[in-house]
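Worksheet: one structure, shown below.
Remember, predicted model here, so these are calculated numbers, not experimental data. Every heavy atom of this structure was used, including side-chain atoms; hydrogens, water molecules and symmetry mates were not.
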Amino acid sequence: MRYDLVIFDNDGVLVDSEPISNRLLAGYLTELGHPTSYEESLRDYMGSAMHRVHDLVEERTGQRLPDDFDDVFHARVFAAFERELKPVAGAVDVLERLVADGVPYCVASSGSHERIRVGHRTTGLDEWFEEEWVFSSEDVGRGKPAPDLFLYAAERMGVAPERCVVVEDSPLGVQAAVAAGMDVYGFTGMTPAERLAGASQLFGDMGQLAELLE
């Protein structure tokens, strides 16, 4: 395989969480007096850390979200995960192939460590990830599109950035990977290909990924 480390985004790449979380985010923002459609939530917040939600709402309206916004939102998301969340089709096949080929991998997500773990435990993906292979925007000062998270993951995994490839499904994630000096494969399962135009490669079926990486 041409890379020494595969860095996976989590939401929308490993777990099929984006439809759930963006539906709930749009509903909660609307409930708080900031009308937001599902499509707008995907456009503005998909792949971002929670601070971006706070920043954009305040920038656009001059109003701050409630102090308990994150806690309430995450409680709703985790409850929905327990009922609805599934792994992205083909994700387990890719992980099996990487293990068989001895290729190191990790996850670097804008979500919190708790969100990542809840999603992995619910879908059974937790058996594929050691604790030290899981990285969150909580670990760095700035989330995507800043390169900090991907650079931190590479450093902790002991691999030079130019030997890493990132698997992403959001424009912010693609920007972050490019800024980190890494190749990035854009997954178009939910995101229109034109929004991931900066990616090194685009693909629409997670089951294809292992072959594309060779």
Side-chain angles (χ1 to χ4, degrees), residues 8-92 107-126 129 134-140 142-146 149 167-176 186-192 195-196 204 206:
F8 290 96
D9 175 44
N10 189 57
D11 294 293
V13 170
L14 294 173
V15 296
D16 194 16
S17 53
E18 293 291 9
I20 299 171
S21 58
N22 281 282
R23 182 186 76 231
L24 293 172
L25 179 58
Y28 189 24
L29 288 173
T30 300
E31 181 184 316
L32 293 173
H34 307 290
T36 305
S37 69
Y38 171 71
E39 291 75 18
E40 289 168 338
S41 182
L42 288 174
R43 181 195 68 201
D44 293 341
Y45 305 120
M46 182 174 168
S48 68
M50 288 301 296
H51 65 77
R52 179 177 170 86
V53 182
H54 291 264
D55 292 346
L56 278 185
V57 168
E58 186 169 7
E59 178 184 309
R60 291 169 173 174
T61 70
Q63 300 175 18
R64 294 175 60 87
L65 291 171
D67 291 341
D68 64 350
F69 179 87
D70 290 11
D71 291 338
V72 172
F73 174 64
H74 284 132
R76 295 181 183 186
V77 167
F78 296 163
F81 279 4
E82 296 288 348
R83 297 189 304 270
E84 305 174 43
L85 190 62
K86 297 178 181 178
V88 167
V92 171
V107 61
S109 171
S110 293
S112 65
H113 276 284
E114 183 183 14
R115 175 178 172 135
I116 298 167
R117 283 305 181 194
V118 168
H120 285 193
R121 186 175 64 249
T122 302
T123 59
L125 290 177
D126 54 342
F129 288 90
V134 177
F135 305 101
S136 160
S137 61
E138 291 179 323
D139 300 327
V140 295
R142 298 180 300 168
K144 306 168 189 178
L149 176 56
V167 184
E168 264 287 355
D169 72 329
S170 75
L172 294 175
V174 169
Q175 292 174 43
F187 179 48
T188 60
M190 269 193 62
T191 309
R195 297 200 67 209
L196 303 178
M206 191 59 65

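- For residues 22-51, the set of pairs meeting the ring pair (Phe, Tyr, Trp, His ring centres under 6.0 Å) definition, not counting sequence neighbours, comprises Tyr28-Phe69.
- Glu138 and Ser112 make their closest contact through OE2-CB, 3.3 Å (heavy atoms, listed as atom of the first residue, atom of the second, distance).
- The shortest distance between side-chain heavy atoms of Val134 and Arg117 falls below 4.5 Å.
- You'll find the side chain of Leu65 stays beyond 4.5 Å of the side chain of Asp70, heavy atoms only.
- Using a 4.5 Å cut-off on side-chain heavy atoms (C-beta onward), Met190 and Leu42 make contact.
- Of all heavy-atom pairs spanning Ser110 and Lys144, the tightest one is OG-CD, 3.4 Å.
- Distance alone, capped at 3.5 Å, is enough to place a donor-acceptor pair between the Ser170 side chain and the Gly173 backbone.
- When atom types are taken as modelled, the side chain of Thr123 and the backbone of Lys86 share no donor-acceptor pair closer than 3.5 angstrom.
- Of all heavy-atom pairs between Phe129 and Leu125, the closest is CD1-O, 3.5 Å.
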Please tabulate, for side-chain N and O atoms in residues 13-20, each donor-acceptor pair with protein atoms closer than 3.5 Å (sequence neighbours left out).
from: Ser17; atom 1: OG; to: Asp11; atom 2: OD1; distance (Å): 2.4
from: Glu18; atom 1: OE1; to: Asn22; atom 2: ND2; distance (Å): 2.9

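- Minimum interatomic distance between Gly119 and Leu85 (heavy atoms only, all atoms of both residues): CA-CD2, 3.5 Å.
- Residues in residues 42-59 take part in these salt bridge (charged side-chain N to carboxylate O under 4.0 Å, His left out) pairs, two or more places apart or across chains: Asp44-Arg60, Glu58-Arg64.
- With hydrogens and angles disregarded, no donor-acceptor distance shorter than 3.5 Å links the side chain of Ser137 to the backbone of Ala49.
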Problem - His113 and Asp139: CA distance, side-chain angles, deciding distance, side-chain contact (heavy atoms from CB on, under 4.5 Å) verdict - result: CA-CA 9 Å; His113 276 284; Asp139 300 327; 3.0 Å; yes
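- Under a 4.0 Å N-O distance rule, the pair Arg23/Glu84 qualifies as a salt bridge.
- The backbone N or O of Thr122 sits nowhere less than 3.5 Å from a side-chain atom of Glu82 that would complete a donor-acceptor pair.
- Looking at Glu168 and Phe187, their side chains never come closer than 4.5 Å, going by heavy atoms from C-beta outward.
- Here the side chain of Ser41 pairs no donor or acceptor atom with the backbone of Ser37 at under 3.5 angstrom.
- Glu114 pairs by the salt bridge (Lys or Arg N to Asp or Glu O under 4.0 Å) definition with nothing, not counting sequence neighbours.
- Remark: the backbone N or O of Thr36 is paired with a side-chain donor or acceptor of Thr30 at under 3.5 angstrom.
- Under the salt bridge (Lys or Arg N to Asp or Glu O under 4.0 Å) criterion, Glu31 pairs with Arg76, sequence neighbours left out.
- Residues Thr191 and Pro171 share a closest heavy-atom pair of CG2-CD, 4.4 Å.
- A pairwise comparison of heavy atoms in Met46 and Leu172 identifies O-CD1, 4.0 Å as the closest pair.
- Around atom CG of Asp67, no more than 12 heavy atoms belonging to other residues, nucleotides or ligands sit under 6.0 Å away.
- With no hydrogens or angles considered, a side-chain donor-acceptor pair links Arg115 and Ser21 at under 3.5 Å.
- Residues Phe135 and Val107 form no side-chain contact, since every pair of their non-hydrogen atoms from C-beta on lies 4.5 Å or further apart.
- Arg195 meets the salt bridge (Lys or Arg N to Asp or Glu O under 4.0 Å) test with no other residue; sequence neighbours excluded.
- The CG atom of Asp126 sits 13.0 Å away from atom CD1 of Ile116, with the distance rounded to the nearest 0.5 Å.
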